[in-house]
Every structure is written in C-alpha cells, then in structure tokens.
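Structure first, then comments.
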Amino acid sequence: MVDLNVNIGHLKLQNPVMTASGTFGYGLEFDDFIDVNLLGGIIVKGTTLEPREGNAYPRMAETPMGMLNAVGLQNKGIDHFITDIYPKIQKYTTQLIVNVSGSNIEDYLTVVEKLNELDRIPAIELNISCPNVKSGGMAFGTSCSSAAEITKAVRSTYKKTLIVKLSPNVTNITEIAKTVEAEGADAVSLINTLLGMAVSIKTRKPLLSTVTGGLSGPCVKPIALRMVWQVFNAVKIPIIGLGGIMNANDALEFILCGATAIQVGTANFIDPRISIKIIEGIKEYLQSNKINSISEFRGSLILK
Amino acid sequence: MVDLNVNIGHLKLQNPVMTASGTFGYGLEFDDFIDVNLLGGIIVKGTTLEPREGNAYPRMAETPMGMLNAVGLQNKGIDHFITDIYPKIQKYTTQLIVNVSGSNIEDYLTVVEKLNELDRIPAIELNISCPNVKSGGMAFGTSCSSAAEITKAVRSTYKKTLIVKLSPNVTNITEIAKTVEAEGADAVSLINTLLGMAVSIKTRKPLLSTVTGGLSGPCVKPIALRMVWQVFNAVKIPIIGLGGIMNANDALEFILCGATAIQVGTANFIDPRISIKIIEGIKEYLQSNKINSISEFRGSLILK
Amino acid sequence: MHKKHIEDFIVLLNEKLNEDTFLLLLKHPHKLPEINAGQFAEVLVEDSPLTFLRRPLSIHDVDYKNNTLSLLIKKLGKGTKKLSELKPDNFLNLIFPLGNSFTLLNNEKVLLTGGGCGIAPLLYLSRKLNEKGCDVHILLAAKTASDIVRLKTYENYGKLYFTTEDNSLGEKGLIIQHSLFKNLSVFKKIYTCGPERMMQAVARLAANNEIPCEVSLENTMACGIGACLCCVTETKTGNKCVCVDGPVFNTKDLKW
Amino acid sequence: MHKKHIEDFIVLLNEKLNEDTFLLLLKHPHKLPEINAGQFAEVLVEDSPLTFLRRPLSIHDVDYKNNTLSLLIKKLGKGTKKLSELKPDNFLNLIFPLGNSFTLLNNEKVLLTGGGCGIAPLLYLSRKLNEKGCDVHILLAAKTASDIVRLKTYENYGKLYFTTEDNSLGEKGLIIQHSLFKNLSVFKKIYTCGPERMMQAVARLAANNEIPCEVSLENTMACGIGACLCCVTETKTGNKCVCVDGPVFNTKDLKW
Ligand SMILES: Cc1cc2nc3c(=O)[nH]c(=O)nc-3n(C[C@H](O)[C@H](O)[C@H](O)COP(=O)(O)OP(=O)(O)OC[C@H]3O[C@@H](n4cnc5c(N)ncnc54)[C@H](O)[C@@H]3O)c2cc1C
Ligand SMILES: Cc1cc2nc3c(=O)[nH]c(=O)nc-3n(C[C@H](O)[C@H](O)[C@H](O)COP(=O)(O)OP(=O)(O)OC[C@H]3O[C@@H](n4cnc5c(N)ncnc54)[C@H](O)[C@@H]3O)c2cc1C
Ligand SMILES: Cc1cc2nc3c(=O)[nH]c(=O)nc-3n(C[C@H](O)[C@H](O)[C@H](O)COP(=O)(O)O)c2cc1C
Ligand SMILES: Cc1cc2nc3c(=O)[nH]c(=O)nc-3n(C[C@H](O)[C@H](O)[C@H](O)COP(=O)(O)O)c2cc1C
Ligand code: FES
Ligand code: FES
C-alpha cells in the first residue's frame with residue numbers, strides 16, 4: 001500500500017486531496033454523490049463576520065475551458081456558521097477547514113477568534129485573495145505589507161494551523177509567500193482566481209454584474225503550476241496547490257511541482273465525484289510507478 | 001459601407017486587424033493562404049540587436065485551450081533584418097511594424113535608431129514583456145520605473161509611432177500603462193503572454209527546456225479583456241488588444257472593451273486565414289447592427 | 001428532497017420537432033429514481049471545446065415503466081447544438097433530479113401557460129396534475145404555429161389553447177391577450193414558464209386576481225446542486241439559489 | 001517549394017490495422033496539388049476540448065488519379081484517438097503539403113528503414129524511388145509481428161525485410177542487428193524514420209560506412225509553416241525549424 005498521508009502544519013491529512021472553498025458548499029451538497037469522509041479535508045465556503053448577500057445576478061460566465069464567478073462571498077456570517085452549519089458538519093470525520101474573509105483586520109480577527117474555539121475546526125484558510133469584493137479581499141493579498149500585517153495579526157491570536165490563500169494577480173508571488181511565511185503562516189494555498197472579464201457583443205454588456213470576476217478552471221492550470229513551482233523554490237512551509245485540477249494527472253502535476261496537498265475546485269461542478277476519483281488515480285499512479293509515498297513524489301521534478 | 005479605419009498615433013490602419021509578433025513570421029509565411037495586404041498591419045517577429053539562437057528544444061507545450069512557448073526571441077538580429085528581410089517585405093502595402101526586444105537599454109536604442117531610418121517601417125512595438133529571456137524582456141515591463149526609463153529613452157530618439165507592449169504578469173497593469181503614456185508612448189498593446197508552466201508526470205520533467213514559458217490562446221482571453229478594459233479607463237492613448245482572439249466575435253469583444261485595434265496571435269496557427277476572416281466578420285457585425293464605423297463601436301460597453 | 005444521482009443515460013431517440021427544437025428520449029440503465037414535475041437535470045456536453053460547464057435542462061417527461069425520461073431542447077448555442085447531434089446509442093451524462101418542484105393540487109381547475117422552450121417542464125406537470133384529478137387547461141404561446149411542438153402529447157392531459165403573434169394558430173397576440181385571461185378567477189392556480197417578461201406579465205395578472213402563481217425560472221448555473229452560489233435570484237427574503245431553492249418559485253416571494 | 005494549401009478533405013475510409021494503428025484515406029474535393037515524399041500535413045482535430053493545436057502527420061501515400069492521400073496513424077493520445085473515430089463522409093481539415101522532402105536517386109540500390117509509425121512516410125518514398133528505377137530494400141522493425149502493418153503494400157515497391165524483438169517475423173533483435181547492416185556498403189543511400197534512438201543508431205552505422213543518410217524528424221509543432229519557431233532542432237549551422245527546413249535532414253548536418 002502506498003502512503004498518502006501528508007502534514008500541513010499540525011494538520012494531518014489521510015490523503016492530499018481537499019476541496020476548494022466556494023466550490024464544495026459545506027460538503028453536505030455532495031453527500032448524495034460521494035463519501036466525503038474519504039477526502040483529505042474540505043475547505044468550507046468563505047466566511048465573514050457579518051452575513052453577506054453577495055453580488056447581484058449574473059454572477060457566472062463560461063469562458064474557454066474555464067469560468068468566471070462573481071459570487072462575492074455570499075454567506076450568512078460566522079455566527080450562523082457556528083450555530084447552524086457547524087453542528088451539521090460535525091458528522092464528518094475528515095478535516096474541516098474554514099476559509100475566512102473580511103473587509104478589515106478587525107473583522108478577520110473576530111471571525112478567527114470564534115473559530116479558534118471550535119474543536120472540530122483544526123485549521124483556517126485565510127482568504128486574502130478574493131477578487132470579487134469591493135474592500136478587503138484581494139487588496140490584502142496583492143502587497144507584501146498588507147499580507148504581512150494581516151498574517152501577523154491573525155497569527156498572534158490563532159493557535160491552530162494557519163493557511164494563507166494567495167492571489168495570483170501579482171507581479172511576484174514568491175515575495176508574498178515569503179512574507180506570510182515570515183509572519184508565521186503554517187502553509188500557503190495557491191492560487192485563488194485570476195481577475196478576468198467577459199462581455200457579450202449581442203447585448204454589449206458585461207456578462208457579470210460586477211463587470212470583472214474570478215477566473216478558474218483548466219485554463220488557469222499553467223499559471224497555477226508555475227506559481228506553485230516558484231513558491232516551492234522560495235519557501236519552506238507546505239504548499240497547497242490548486243487551479244484547474246480536473247483529474248488525477250493534474251493533481252499529480254501540482255505535487256510534482258512541489259505541492260504537499262491539492263484542492264479540487266471548479267471540477268466539482270463538472271463531476272461531483274471527481275475528488276474521490278482523484279484520490280484513486282493518485283494511488284494507482286504511485287503504485288504502478290512503484291513510489292511508496294506521496295511525499296517521495298513531491299517536488300521530484302527532474303531538471304536535466 | 002462601414003468605416004474600418006483606425007489611427008494609432010501617426011499610423012493609419014485600413015482596418016483594426018493586425019497580426020501579433022512571433023506568430024506571423026514576416027508575413028511571407030502566409031502568402032500562400034491570404035492576401036496579407038488586406039490586413040490593417042503586421043507586427044513582425046521580435047528583433048534584437050545581435051542574432052539570437054533562442055532557447056533549446058522543446059519550446060512548445062499544448063495546454064487547455066492554449067499553448068506555452070519558450071522561443072526566446074530567436075532572430076537573426078537587426079542588421080540581417082535590414083539587409084535580408086526588409087527588402088523582401090517591402091512588397092507589402094499594409095503597415096509594417098517591428099517588434100523590438102533587448103537585454104539592456106543601449107541595445108534597444110541601437111535597434112530603434114536603425115529602424116528609424118527605414119521608410120517603410122512607420123512604427124515599432126517595444127516589447128518590454130517577453131517572459132522567455134533571462135535578462136531584459138519582461139523585467140522592463142513589470143515595474144513602473146523600468147518601464148518609464150526605457151520608454152523615455154526610446155521616445156527621445158524615435159520619432160515615428162511608438163507602441164509599447166505590456167506584460168500581463170503584474171499586479172496593476174493600469175499603473176504601467178499610465179507610466180508609459182506619461183513618457184510619450186503613442187499607444188500600448190496588451191497582452192503579451194502570461195508566465196506559465198507544464199510538466200509531464202510520465203517523464204517527471206517540464207515540457208519546456210526553460211521550465212516556464214509564455215501562455216497564449218483562448219484560455220487567456222478573459223484576463224486580456226479585463227486588462228484592456230482597465231487600461232481603457234485609465235489612459236487616453238489608443239490600446240491595441242490581443243490575447244486569445246480566435247474569431248471576429250472575440251475581436252469585437254476587445255473593441256467593445258476599448259481597444260482601437262486588435263492583434264491575432266496563436267489563432268494563426270490553427271487557421272492561417274483567420275485574420276482575414278476576422279476582418280470580414282467585423283464588417284458583417286457592424287453592418288447588421290447598423291453601426292457606421294468601428295470607432296463608434298469602440299469602448300461602447302453598456303454598464304447599466 | 002430526493003437523492004441526487006449522476007448517471008450515463010442511453011439515447012434512444014433524437015427527434016427533430018422543428019427548425020430549432022428537438023426531443024431527446026433517454027434510457028436510464030437501471031431503475032429510474034423518482035422525479036417530480038419541475039425538476040431539471042445538469043447535462044454534460046462532451047466533445048465540445050467551448051462548452052466547459054454542464055447545461056441545465058428541465059425534465060420534460062418521465063416514463064417509469066420504461067425507465068426513460070425526455071428532454072425538450074431548443075438549439076440556442078454551442079451546447080444545445082452539440083446535443084442536437086446526438087444519435088441513438090450515444091451516452092449522455094446527467095446529474096438529476098435537481099431543484100424543487102411545482103406544488104400539485106387535487107381535483108382543481110388549473111392553468112398551465114408558457115412559451116418557447118419554457119414549455120418543457122409543463123408536459124410532465126400536466127400529466128401529474130391530470131393524474132391528481134385536476135381540470136387542466138394549457139395555454140401555449142408562440143410567434144407562429146410551427147413554433148408550437150408536441151401538441152398531440154399535451155392534448156392527452158388537458159385542454160389546449162394557443163396564442164400566436166401572426167394568428168396562425170389559436171388567438172392572435174401575446175399570451176396575456178388570450179381570452180382565458182379575461183376570466184382568470186375560475187382557476188385555483190396558475191403555473192407558468194417561458195421568457196422572463198412573459199412570466200412577469202402572467203404573474204401580474206394572477207396577482208391582480210389573487211390567484212397563486214408558480215413560475216419556473218431560468219438562470220446561468222455552474223453546479224446545479226447549491227454548491228457554487230452562482231445562480232441566485234432576488235427574493236423578498238434575500239438571494240436564493242435557483243438550482244436548489246428553485247427553479248420553481250411562488251411569484252409572491254419574488255421581487256417582481 | 002510547392003504552394004501550401006488548406007482544405008477540407010472527405011474521409012473515404014478509416015481502416016483499423018492493428019490495436020492502435022489506423023489508416024485514413026482522404027479525398028481532396030478538387031485536383032490534388034503535387035506532394036513530395038517526406039512531406040507532411042497539419043491536421044485539425046475538431047470536437048476535442050483538450051486538442052487545441054493541429055497535429056503533424058506524414059503523408060503516407062498519394063493517388064493523383066483519385067485525388068486521394070492517406071495517413072498512417074498511431075493512437076498515442078487525445079488527438080490521434082479522436083482521429084481514429086472518424087467515419088466515412090466526415091471532413092478533415094489539412095494544411096499541406098508541408099516541409100521539405102527526401103532526396104530521390106535514380107537507378108540506385110537504396111535502403112529504407114524504420115519502426116513504429118515512423119514508417120508512415122516510407123511508403124510514398126518507396127513508390128517514388130521505385131518509379132525512378134531504384135532497387136528498393138525496405139527494412140521494418142518492431143517489437144512483434146502484429147506491429148508491422150501494410151506489409152502487402154510495401155511489397156509492391158521493394159524487397160521487404162523485418163526484425164522483431166520477439167522473433168515473430170524476420171530476424172530477431174533490434175533494427176541494426178539485421179544482417180543487412182553487415183554489408184551496408186552495397187547501398188547508395190539510407191533513409192530512416194522512427195524513434196529518435198533508432199534513427200541515431202542507423203545514422204551512426206551509415207556514417208561509419210560513409211553512406212549518405214536522410215532522417216525524418218519528429219518534433220512538437222505549433223504552426224507547421226515556419227511562423228512560430230517552436231519546432232527547432234540543433235544543426236551544425238544553428239537551430240533549424242523541423243517544419244520548413246525539415247522534417248527531412250541529412251544526418252551529417254545534425255548534431256548527432
Ligand atoms: C433550470 C433550467 C431549466 C432549463 N430547461 C430548459 C429546457 O427544458 N429546454 C431548453 O431548451 N432550455 C432549457 N434551459 C435553458 C438552457 O439551459 C440553455 O438554453 C442552455 O444552457 C444554452 O446552452 P448553449 O450552450 O446552447 O448556449 P450558449 O452557447 O452557452 O449560449 C448561447 C446564448 O444563450 C445565452 N444563454 C445561455 N444559457 C442561458 C440560460 N441558462 N438562460 C438564458 N440565456 C442563456 C447566452 O448568454 C448566449 O447568448 C433551462 C435553464 C435552466 C436554468
Ligand atoms: C513531421 C511529423 C510527422 C509525423 N508523422 C506521423 C505519422 O505519419 N503518423 C503518426 O502516427 N504520427 C506522426 N507524427 C507524430 C504525431 O504528430 C503525434 O503522435 C501526435 O501529434 C500526437 O497527438 P495526440 O493528440 O494523439 O497525443 P497527445 O495527447 O498530444 O500526446 C500524447 C503523448 O505523446 C507525446 N507527443 C505528442 N506529440 C508528439 C510529437 N510530435 N513527438 C513526440 N511525442 C509527442 C506527448 O508528449 C504525450 O506524452 C508525426 C510528427 C511530426 C512532427
Ligand atoms: C464559484 C466559486 C466560488 C469561490 N469562492 C471562494 C471563496 O469563498 N473563498 C476562496 O478563498 N476562494 C473561492 N473560490 C476560488 C476557489 O477556491 C479556487 O481558488 C479557484 O477556483 C481555483 O481553483 P479551480 O480552478 O480548481 O476552481 C471560488 C471559486 C469559484 C469558482
Ligand atoms: C510562438 C510565439 C512567439 C511569440 N513571440 C513574440 C515576440 O517575439 N514578441 C512579442 O512581443 N510577443 C511574442 N509573442 C506573444 C504574442 O505576440 C501575443 O502577445 C500572445 O501570444 C497573446 O496573443 P494570442 O493569445 O492571440 O496568441 C509570441 C507568442 C507566441 C505564441
Ligand atoms: S448553480 Fe451552483 S448554486 Fe446553483
Ligand atoms: S511549427 Fe511553427 S515554425 Fe515549425
């Protein structure tokens with residue numbers, strides 16, 4: 001048997017496959033299709049201090065091998081999460097990670113402090129990279145100083161595993177990664193969506209109510225892979241890779257480029273069982289290539 | 001009849017459709033397929049001071065709805081261009097624009113001075129965004145200060161139309177655009193390729209000899225459109241839009257978002273006649289929508 | 001809610017109904033799970049480079065005896081065009097049944113009305129209502145007679161009425177100009193689907209007559225199962241997902 | 001150089017030759033332009049989401065009388081798999097004829113040798129050489145007999161030899177272990193295509209015997225017409241494009 005266990009900070013995952021925030025609901029939406037407990041972990045929807053209605057419709061546009069979204073962090077707020085969602089998802093035995101967003105540092109801190117109290121939430125993913133909200137969001141993730149500031153603040157109150165999710169909409173992602181590593185992040189996840197746009201020449205209008213939105217899906221994979229590889233060569237903390245992973249091959253490519261774990265996002269919409277198929281596919285690949293453990297394969301890219 | 005004429009600085013184009021540097025050779029490669037003179041203009045291959053062998057093989061990898069290239073500005077240098085290529089392409093009546101690259105400002109200036117002397121070259125496209133060369137290239141295009149420096153230097157010697165080609169691998173493309181506008185660029189073209197990567201889990205090697213390369217094709221269109229729209233709202237000089245244009249609809253989307261002209265790149269590889277078909281398609285769209293001129297349509301995106 | 005499934009159906013029939021409408025008859029390889037009227041499927045369009053996401057399509061009819069369901073589809077763009085090329089024995093992957101469903105009444109007089117491919121879910125609905133003893137009246141609207149398809153099948157489950165803009169079938173004019181709307185209060189409920197403007201007009205008249213009205217909304221969807229929050233519509237109690245809280249809404253809850 | 005064309009061919013035949021090799025017979029709608037041995041086509045793979053670029057494929061044979069050409073293709077990945085599903089009357093878009101070609105001799109004794117789908121261009125070459133009065137010897141190499149296809153057709157144009165690794169046909173072993181290589185100097189020229197390692201071994205023995213050797217190189221291509229510079233190979237005079245300066249190279253010019 002191959003060893004699929006990986007560690008992200010204090011977090012132990014039974015395999016490197018997680019599901020990406022905003023693409024897997026709270027897991028419950030997928031109970032009809034898969035045994036969610038087979039996953040390495042799930043990252044639940046972006047959660048903010050106050051309830052948010054999100055952006056106006058339309059929020060979605062299809063693009064070549066991808067999609068744009070402008071959901072805008074619709075969620076019912078942290079208190080609703082604690083009282084209504086948390087009890088429901090405690091049935092899962094897989095790792096539960098909450099993706100946290102906010103428009104200012106105080107909001108982030110309040111949410112994080114509340115999550116710190118929840119036994120079954122061993123880690124948070126700090127979203128400093130959402131392109132779909134007016135204030136906060138991506139703004140935190142596109143400069144080193146603000147990324148440092150928020151990571152430092154959260155780190156000082158949050159004692160469990162802290163993952164910081166990086167924005168690809170930057171000139172130099174390694175600098176941001178190094179900064180959040182220096183401020184005590186246990187891991188980085190990358191990439192969030194790329195800022196994109198789509199219009200209709202029939203209506204002459206943008207296809208999203210917000211004009212621009214976040215691009216995800218296979219179209220972004222080459223960019224995501226490159227960033228994972230760059231960051232792998234720049235930091236020591238584990239990297240969680242994502243962006244366009246549609247199958248086990250894609251997942252293995254990210255791990256080959258240095259990712260300790262991966263997340264499946266948009267692919268869940270095309271095939272709700274895909275995350276489980278990816279775990280199977282990774283196992284098969286390692287077995288047929290006689291690789292004993294996923295960590296042996298990690299970052300083993302051959303540069304001749 | 002609809003009016004397709006557009007102006008880029010002093011440059012008059014009979015229609016807004018040009019072909020992108022590095023994807024159309026010197027035009028001659030397409031003589032068997034189309035009447036090159038029907039184009040608005042052609043941007044010839046990236047030209048440097050000295051001859052360059054480019055990067056090692058393999059230089060190309062297919063990606064979802066796109067491709068990565070790592071050609072690395074292979075060309076025989078400006079002197080060879082002047083003595084061998086220029087005489088051959090003088091047969092064209094369409095506008096001929098030379099894409100200029102270099103690893104330092106002096107090189108750029110020498111090339112530009114030589115091009116200044118060529119009667120049939122009414123404009124240059126300054127490539128400060130090539131991701132496939134070790135020094136220079138993209139480095140110039142990813143910071144405002146270096147973009148300013150090189151634009152200023154070239155502007156001071158080059159009197160004809162100066163187009164600066166921007167890199168999408170930046171946090172804020174509007175800042176770079178405003179900078180080169182301030183330094184006297186007549187127009188900006190965007191986008192060059194996005195830095196990406198592809199690997200094989202079969203060989204465990206990168207698919208490009210350079211590990212990373214430049215991503216182009218339909219997969220980048222949403223990002224390119226967004227950048228054109230952002231820059232359109234930030235500068236007054238004309239914008240030449242490109243990135244993933246495969247048909248007339250795509251071209252019209254860029255013009256709707258504010259592009260004065262567009263360039264067809266990777267699409268030339270799929271259909272060598274596509275640039276001409278795009279001109280026809282634009283004409284048809286304007287006619288059937290009773291729009292008299294392309295300038296009337298430009299930037300007419302409706303934000304309700 | 002019923003359990004959702006993902007399954008490769010086998011295409012039994014692809015029938016062209018008019019210039020741009022076709023009917024797909026699909027066989028489930030096993031026992032077809034229960035499906036309610038108004039539910040839809042997310043259909044995977046394969047071998048189509050620019051069709052990345054699934055396409056939501058209403059379930060037009062269900063046959064539990066033969067384990068088949070049918071889809072009534074209008075060729076609109078890349079995905080529906082590709083589906084129109086399916087041949088018998090091809091596979092088609094569906095996630096289904098999705099969404100809520102129409103509220104059924106027993107032994108009441110009801111009006112089902114719609115236009116365009118909006119009429120797709122009305123067939124299964126009319127059958128269900130017919131089975132429940134309702135007096136079913138179906139009003140279909142179109143530009144011209146040839147736009148109206150599957151007429152004979154609808155006739156099995158209710159009394160049919162038409163409006164056409166060119167007067168080629170039924171009464172001339174738009175849907176709400178039909179004489180049925182002169183005396184709306186005879187109906188206990190109105191069900192409608194079609195273009196949004198049409199549904200809004202019907203809903204307004206229903207409201208004026210204080211008759212409950214249910215609509216089936218269309219919307220751009222990514223997941224179809226409530227996971228992405230891309231498909232919201234504004235309701236009086238905030239944004240709701242059309243794919244799980246809908247596609248059927250009581251118009252009194254909408255901000256129309 | 002011949003003028004390049006872009007054309008929709010009509011598939012006349014898609015013949016499965018073994019587990020993963022098939023032959024496409026394609027009809028040009030008009031008069032087929034002249035094509036030389038060793039040239040290739042860039043083939044558009046439609047309805048294939050992950051096959052964005054065209055696929056380069058050698059021209060296997062040409063029939064000017066019927067205006068057809070054929071391609072001999074090995075299923076390797078997404079694109080070739082898709083092509084293997086083509087049916088008669090489907091269209092296939094080709095840019096052709098591309099690249100340079102083999103140098104033909106008159107009335108000489110020549111050896112053509114290759115393995116895998118590398119043998120594709122050798123058929124048309126053997127026919128051309130045969131027409132020019134050459135004494136054509138063709139050595140085909142494979143793992144096992146069933147890998148070797150179109151044997152009967154090759155026989156029309158030259159004398160056939162084989163090596164198989166499992167001794168199921170011809171001599172046992174690798175290509176260069178064949179007895180023909182013991183006495184190479186009887187040949188005026190050697191033509192080879194197949195896996196790079198195989199071609200290099202053949203080229204080395206040719207050089208040792210001072211016999212001119214031409215190879216047909218494979219390479220990843222984007223445009224096929226010399227516009228992108230993606231398909232370079234190192235030669236003694238710098239990087240050359242395989243698509244225009246090749247695919248045929250004299251091995252003395254390569255850095256092998
Ligand atoms: C719950 C639900 C049930 C539906 N049931 C049916 C049905 O039974 N039969 C049927 O024919 N259609 C139905 N539709 C609509 C169907 O989903 C779209 O026609 C289809 O997705 C278009 O795909 P395409 O690839 O052909 O078009 P595309 O190439 O994607 O688009 C073509 C044009 O149509 C527009 N468009 C695309 N999708 C939608 C949409 N969902 N709503 C409005 N405009 C859109 C695009 O903006 C574009 O202008 C339903 C939609 C929903 C949400
Ligand atoms: C001038 C020329 C002539 C050719 N003639 C023929 C021919 O007559 N018959 C034939 O069957 N094949 C021929 N080939 C090879 C053919 O082009 C590839 O097999 C084909 O492009 C693979 O496409 P795919 O989509 O099936 O594979 P993909 O899914 O793209 O790739 C599958 C695997 O094959 C590898 N691969 C892809 N393309 C190539 C390539 N060009 N060279 C080496 N490895 C590659 C990939 O890295 C991957 O591992 C020729 C190639 C060239 C350059
Ligand atoms: C509909 C949608 C909603 C998303 N919501 C969130 C979110 O709330 N928080 C977050 O950090 N990322 C969010 N993302 C980004 C994804 O988690 C992921 O980073 C991105 O989609 C790239 O991965 P993919 O290509 O596999 O989808 C969202 C993406 C989509 C498509
Ligand atoms: C093979 C190849 C070579 C290129 N060479 C150059 C170049 O020399 N100079 C340059 O400015 N851009 C170069 N580019 C970038 C294109 O001009 C264009 O900016 C990019 O490909 C995006 O457009 P597209 O998606 O339409 O191809 C090259 C692109 C490709 C694919
Ligand atoms: S389509 Fe994803 S929530 Fe409705
Ligand atoms: S493939 Fe483009 S130059 Fe050869």
Side-chain angles (χ1 to χ4, degrees), chain A residues 61 63-68 131 142-143 167-172 176 194-206 209 211-215 217-230 244 246 248-257 285 289 297 300-304, chain B residues 61 63-68 131 142-143 167-172 176 194-206 209 211-215 217-230 244 246 248-257 285 289 297 300-304:
Chain A
T63 65
M65 278 292 136
M67 62 175 278
L68 290 164
T142 51
S143 90
S167 171
N169 301 291
V170 295
T171 309
N172 189 339
I176 313 270
L194 278 142
L195 197 62
M197 177 168 171
V199 298
S200 161
I201 59 161
K202 225 159 92 188
T203 62
R204 293 207 220 169
K205 288 184 189 167
S209 67
V211 185
T212 60
L215 185 65
C219 56
V220 309
K221 194 185 71 169
I223 300 168
L225 266 184
R226 180 263 295 183
M227 291 188 165
V228 166
W229 172 247
Q230 287 180 323
M246 298 299 285
N249 270 16
D250 293 338
L252 286 160
E253 288 173 12
F254 277 85
I255 299 170
L256 184 60
C257 290
Y285 174 86
N289 284 279
F297 181 68
S300 66
L301 191 69
I302 303 165
L303 306 171
K304 30 146 204 225
Chain B
T63 65
M65 278 293 134
M67 63 175 278
L68 290 164
T142 51
S143 90
S167 170
N169 300 292
V170 295
T171 308
N172 190 338
I176 313 270
L194 278 142
L195 197 61
M197 176 169 173
V199 298
S200 161
I201 59 161
K202 224 160 91 187
T203 62
R204 293 206 220 169
K205 288 184 190 167
S209 68
V211 185
T212 61
L215 185 66
C219 56
V220 309
K221 193 186 71 169
I223 301 168
L225 267 184
R226 180 262 295 183
M227 291 187 164
V228 166
W229 172 247
Q230 288 179 322
M246 298 299 286
N249 269 16
D250 293 337
L252 286 160
E253 289 173 12
F254 277 85
I255 299 170
L256 184 61
C257 290
Y285 173 88
N289 286 278
F297 181 68
S300 66
L301 192 69
I302 303 165
L303 307 171
K304 31 145 204 226

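Each chain gets a letter, A, B and so on, in the order its sequence line appears, and its residues count up from 1.
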Can you tell me which portion of [X] sits under 4.5 Å from chain B's heavy atoms? Options are side chain, backbone, both or neither.
X: A/Ser209; answer: neither
X: A/Leu256; answer: side chain
X: A/Ile201; answer: both

Contact origin within [X] toward chain A - heavy atom pairs under 4.5 Å:
X: B/Leu225; answer: both
X: B/Thr203; answer: backbone
X: B/Ser143; answer: neither
X: B/Val170; answer: both

Nearest non-hydrogen partners of [X] and [Y], listed with the distance:
X: A/Cys219; Y: B/Cys219; value: CB-CB, 3.5 Å
X: B/Ser300; Y: A/Arg204; value: OG-NH1, 3.3 Å
X: B/Lys205; Y: A/Leu301; value: C-CD1, 3.8 Å

* Asked: Between atom NZ of B/Lys202 and atom CG of A/Asn249, what is the distance when rounded to the nearest 0.5 Å?
  ->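 If we round to the nearest 0.5 Å, B/Lys202:NZ and A/Asn249:CG are 10.0 Å apart.
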* Distance, nearest 0.5 Å, that separates CD1 of B/Ile223 from CD1 of A/Ile223 ->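 Reported value, rounded in 0.5 Å steps: 4.5 Å.
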* Choice from A/Pro206, A/Gly217, A/Ala198 maximising heavy atom contacts with chain B below 4.5 Å ->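 Heavy-atom pair counts peak at A/Pro206.
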* Top contributor to chain B interface from A/Ile302, A/Asn169, A/Leu68, A/Leu303 [non-hydrogen pairs under 4.5 Å] ->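 Max contact count across the listed options: A/Ile302.
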* To do: Give a yes or no on whether the backbone of A/Leu195 and the side-chain of B/Arg226 come within a donor-acceptor separation of less than 3.5 Å.
  =>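 Yes, the answer is positive, given that a donor and an acceptor are paired below the 3.5 Å cut-off.
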